Structures are given as structure tokens and as C-alpha cells.
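Got a structure for you, questions after.
For clarity, every value in this text was computed on a predicted model and none was experimentally measured. Just so you know, these numbers use all the heavy atoms, side chains as well, and skip hydrogens, waters and symmetry mates.
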Amino acid sequence: MAITLDSIRRVKADQPARILIYGPPGKGKTTLASEFPDVVFVQIEDGTPGEGKELASFGLLKTYPQVMQALNSLLKGVHPYKYVAIDSVTAMQRLVYDETCYRGDDHGKSKKRIEDFGFGKGYNNATQIWQEYMDMINRLRARGIGTIQIGHSSISRFDDPEDVSYDRYDLSLRTSDKTDSDHRGVIIRDMDAVLLLKEAVSIKNEERGPTAKRAIGTGGGTIWIHARSKPALNAKNRYGIPEKGIFKEGQGYEYLSKYLPAAPGVPQIESAGGRAAEEVSEDEADYHDEHAEDEDAAA
């Protein structure tokens, strides 16, 4: 079809949300994700909400093909789920590296470690697998399923070209100034909202003598949802979520839902073709399962 002026349409942010929730341990990331309606978890690490709460989950998945099969089942199957939560994308990095090593170099020769490829080639190859994963996330969105990726935070140096360098909170994934090995960028680039959960801390100085002082962190107890970037942290959203709001257990989704598009539900379809959905065969997944069991036994 030819593209003309008649092709112009008005668009708005009404597709299912792609959300990243990250932060230090124990601040309620999994709990917040569990508050979303009709959510199923793809667990790559043991992370559960508070006592007495249950999750719909595929169980603890140990390989990249298992993760992709779980996501593919949501893409192709008939089910009631409106959101899928990946817990965590930080733990997913290990599975991506294992898969990169399994697929091997340009000659198909497998490697034991990501560094064994040499000259950063392993990280470049891993970027392609991260992109496969994100392609699946976007395919789920096209089918009406929102995604919530949970990640750990790290404090990293940010080199500001207009000012001095400084430290800030960011997603704990490999990053690089080279696009072909910037794994953090692959994830964050497509997110509609990047939210940091962090405890509020204030600093006061304690006198330790005529010239000595000690900085003491005080406060705490209040968890904030940060939704917009500032020098101390990386966050963003395209929904008008305020810069920060208090996270109260049981009320987190209620707070966010005022800004997020409603999940429209999953239409019934018989199949969804395409390489990303079909690329992991059951035989390949079985191989990885056996490989993971061998590693567990060796450990």
C-alpha cells in the first residue's frame, strides 16, 4: 500500500505497558509486580512477595530456552493473563551468557565462558540474544499482554558530557558506550516506564572533634517510586507518572493505574508464527534442562 497523506493517523500511548521496576533488595519490587491484575511470573530467581501471598508462576526457570518457551506459551495459548512479570532481568543475564556460549562462535564452536570468545565478541553475540528476548516482549505487547521486568540496581558512574562525572542508581546489567554490547540499553530503550523503588534517606553530620565530622544516614522506612530521571538515578515514563510517589504495599498498582493504559485482555488465537516464537524447540530445551541439572549436580 502506498504511503500518502491519507495514511496519517492520530496515535496515543494505549498499548499494554512495558515496565521495568528496579531497585535495591527487599524494597518491594516483586510485591509491586504481584499487585498488577492477572499477572503470571517467569521466575529466574527465588523472589516471592510477603507471607501469605501466592503467585501464578511457571516455576524456577534455569535456562534461556525455558524462559522463551514460557513466554511463547503466553504468546500462542489461550489464557486469562494480562501481564507477565520477569523476575529478574538481572538474573536473566546469566542465562543469556550461557545461551551465547552454547550457540558458540561463527563456526558453531561452543565456549565455556563469555570471555572465551575474545575481543568482546561474546558480549556482541549476547546482544543479539537479548534482542531476541526483547522481540518476544514486543510480540506479547502486540497480542495485548503487558510486561513487568524486575531488576536489581547498582550504583554506576555516569560521565556527563556537559558537567563532571557522578554516581547514580541504574539497572544492574552490563553497559557499554558501544551499542553492539550495551545490554542495559537494549532493555531500557523499549521500556514505557522505568521505575526505581528506593528507600528515602537523609544525611546528617555528627561532630567528631574540632575538625572532624561523620556523615550518618537517617530516615528510612518510606519507599518511594521514582518515575523520572535526575542526576542521582535513571528513571523515565511516557504516562505522566509524577517524579516520585510513596509505595505502600497493597496500593502500588492502584497508584500507578491512574496513569497506565488498561490491559485490553488477550484475544484467542490458534497460533503466532515467526522466528522468535518458534526458534526454541523442545529437544533444544531438553538439552539445556539436562545441562542445567548437570551443573547443579557439579555445584
Side-chain angles (χ1 to χ4, degrees), residues 18-34 36 39-50 53 55-74 83-103 112-115 122-123 125-137 140 147-156 169-176 181-191 194-198 234 280 285 288-289 291-299:
R18 298 165 298 182
I19 301 170
L20 169 67
I21 302 171
Y22 80 104
K27 304 307 177 189
K29 301 183 295 293
T30 300
T31 298
L32 174 55
S34 72
F36 279 67
V39 59
V40 60
F41 275 71
V42 172
Q43 292 182 280
I44 306 168
E45 60 180 65
D46 286 321
T48 55
K53 294 187 177 181
L55 301 176
S57 171
F58 286 94
L60 187 62
L61 306 183
K62 297 181 179 181
T63 67
Y64 173 83
Q66 287 181 341
V67 171
M68 293 297 282
Q69 281 197 324
L71 297 177
N72 189 38
S73 70
L74 294 171
Y83 288 94
V84 56
I86 293 88
D87 192 1
S88 68
V89 68
T90 302
M92 180 80 170
Q93 179 166 262
R94 174 178 53 82
L95 305 192
V96 168
Y97 288 176
D98 287 347
E99 178 69 12
T100 304
C101 292
Y102 166 72
R103 294 189 188 183
K112 290 185 177 180
R113 302 177 305 164
I114 195 75
E115 293 84 3
Y123 297 109
N125 291 354
T127 302
Q128 300 173 26
I129 297 176
W130 275 118
Q131 192 58 62
E132 287 178 6
Y133 163 74
M134 285 305 301
D135 288 345
M136 177 65 84
I137 296 297
L140 287 166
T147 52
I148 309 156
Q149 302 195 66
I150 300 169
H152 300 295
S153 64
S154 61
I155 298 176
S156 59
Y169 285 93
D170 217 328
L171 175 64
S172 181
L173 276 185
R174 174 184 168 83
T175 187
S176 172
S181 60
D182 182 16
H183 303 159
R184 180 192 294 166
V186 173
I187 301 299
I188 289 181
R189 174 167 66 236
D190 280 357
M191 292 298 99
V194 175
L195 309 176
L196 170 65
L197 262 61
K198 188 178 77 69
N234 187 11
V280 180
H288 282 270
D289 292 347
H291 184 61
E293 290 172 2
D294 291 342
E295 288 183 346
D296 290 343

Subject >> Residue pair V89 / L173: nearest heavy atoms and the distance that separates them >> reply: O-CD2, 3.7 Å
**OP:** Taking S154 for its side chain and S156 for its backbone only, find out whether a donor-acceptor pair lies under 3.5 Å.
**Re:** no
Subject >> Spacing of CG belonging to L32 relative to OG belonging to S34, to within rounding of 0.5 Å >> reply: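 Here the interatomic distance stands at 7.5 Å.
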Subject >> Over all atoms of both residues, closest heavy-atom pair of L140 and L71 >> reply: CD2-O, 3.7 Å
Subject >> Distance-minimising heavy-atom pair for L196 and G23 >> reply: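 Closest approach of L196 to G23, heavy atoms only: CD1-CA, 3.7 Å.
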Original post:
Say you draw a straight line from CG of D46 to CG of D87; how long is it, rounded to the nearest 0.5 Å?
Top reply: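 It is 9.5 Å, given to the nearest 0.5 Å.
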Original post:
After noting the C-alpha distance and the side-chain angles of Y22 and N234, does the key distance pass the side-chain contact (heavy atoms from CB on, under 4.5 Å) rule?
Top reply: CA-CA 10 Å; Y22 80 104; N234 187 11; 3.9 Å; yes
**OP:** Could you walk me through whether T100 and N125 pass side-chain hydrogen bond (donor to acceptor under 3.5 Å, both in side chains), step by step?
**Re:** CA-CA 6 Å; T100 304; N125 291 354; over 6 Å; no
**OP:** Walk me through it: do T30 and F41 pass the test side-chain contact (heavy atoms from CB on, under 4.5 Å)?
**Re:** CA-CA 10 Å; T30 300; F41 275 71; 3.9 Å; yes
Original post:
Would you say the side chains of T127 and H183 form a donor-acceptor pair under 3.5 Å?
Top reply: yes
Subject >> Spatial distance of atom CD1 (I129) from atom CG (D135) [nearest 0.5 Å] >> reply: 12.5 Å
Original post:
So which heavy atom on I114 is nearest to which on A126, and how close?
Top reply: CD1-CB, 4.5 Å
Original post:
How about L55 and Q43: do any of their side-chain heavy atoms sit closer than 4.5 Å?
Top reply: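 SC-SC contact between L55 and Q43 confirmed.
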Original post:
Taking C-beta and beyond as the side chain, do M191 and I19 meet within less than 4.5 Å on heavy atoms?
Top reply: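 No. Closest side-chain heavy atoms not under 4.5 Å.
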Original post:
Side chains of I21 and L197: closer than 4.5 Å at any heavy-atom pair?
Top reply: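 I21 reaches L197 side chain to side chain.
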**OP:** Report yes if the side chains of I148 and F36 come closer than 4.5 Å at any heavy-atom pair, otherwise no.
**Re:**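 Of all side-chain heavy-atom pairs linking F36 with I148, at least one is under 4.5 Å.
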Original post:
Checking K29 side chain against P24 main chain: does a donor-acceptor pair fall under 3.5 Å?
Top reply: yes
Subject >> Main-chain N/O of L171 paired with R184 side-chain donor or acceptor, under 3.5 Å >> reply: yes
Subject >> Over all atoms of both residues, closest heavy-atom pair of T90 and H152 >> reply: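 Where T90 meets H152 most closely, the heavy atoms are OG1-N, 2.9 Å.
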Original post:
Under 4.5 Å between any side-chain heavy atoms of E45 and R94, yes or no?
Top reply: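 No, every pair of side-chain atoms sits at 4.5 Å or beyond.
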Subject >> R18 side chain vs I137 backbone, donor-acceptor pair below 3.5 Å >> reply: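 No.
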Original post:
How about E99 and Y133: does a side-chain donor come under 3.5 Å of a side-chain acceptor?
Top reply: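 Result is no, nothing qualifies.
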Subject >> Beyond-backbone contact of D170 with I188, side-chain heavy atoms, under 4.5 angstrom >> reply: yes
Subject >> Any side-chain donor near an acceptor of the partner, D182 and S176, under 3.5 Å >> reply: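 There is no such pair between these side chains.
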**OP:** Check whether any side-chain N or O of T147 sits under 3.5 Å from a backbone N or O of V84 as a donor-acceptor pair, and report yes or no.
**Re:** no
Subject >> Closest non-hydrogen atom pair, F58 against A70 >> reply: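 Closest approach of F58 to A70, heavy atoms only: CZ-O, 3.6 Å.
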Original post:
Below 4.0 angstrom, N of the basic side chain to O of the carboxylate: do E132 and R103 qualify?
Top reply: yes
**OP:** Take I44 and Y64, measure what side-chain contact (heavy atoms from CB on, under 4.5 Å) needs, and give me the verdict at the end.
**Re:** CA-CA 10 Å; I44 306 168; Y64 173 83; over 6 Å; no
**OP:** Please work out which of the three classes, parallel, tilted or perpendicular, describes the rings of Y97 and Y123, given edges at 30° and 60°.
**Re:**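 Aromatic pair Y123/Y97 classed perpendicular.
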Original post:
Do S181 and R174 touch side chain to side chain, with heavy atoms closer than 4.5 Å?
Top reply: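 A side-chain contact under 4.5 Å exists here.
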Original post:
Any side-chain heavy-atom pair from Y83 and V40 closer than 4.5 angstrom?
Top reply: no
Original post:
Going through the checks in order, is the side-chain contact (heavy atoms from CB on, under 4.5 Å) test met by L95 and V67?
Top reply: CA-CA 9 Å; L95 305 192; V67 171; 3.9 Å; yes
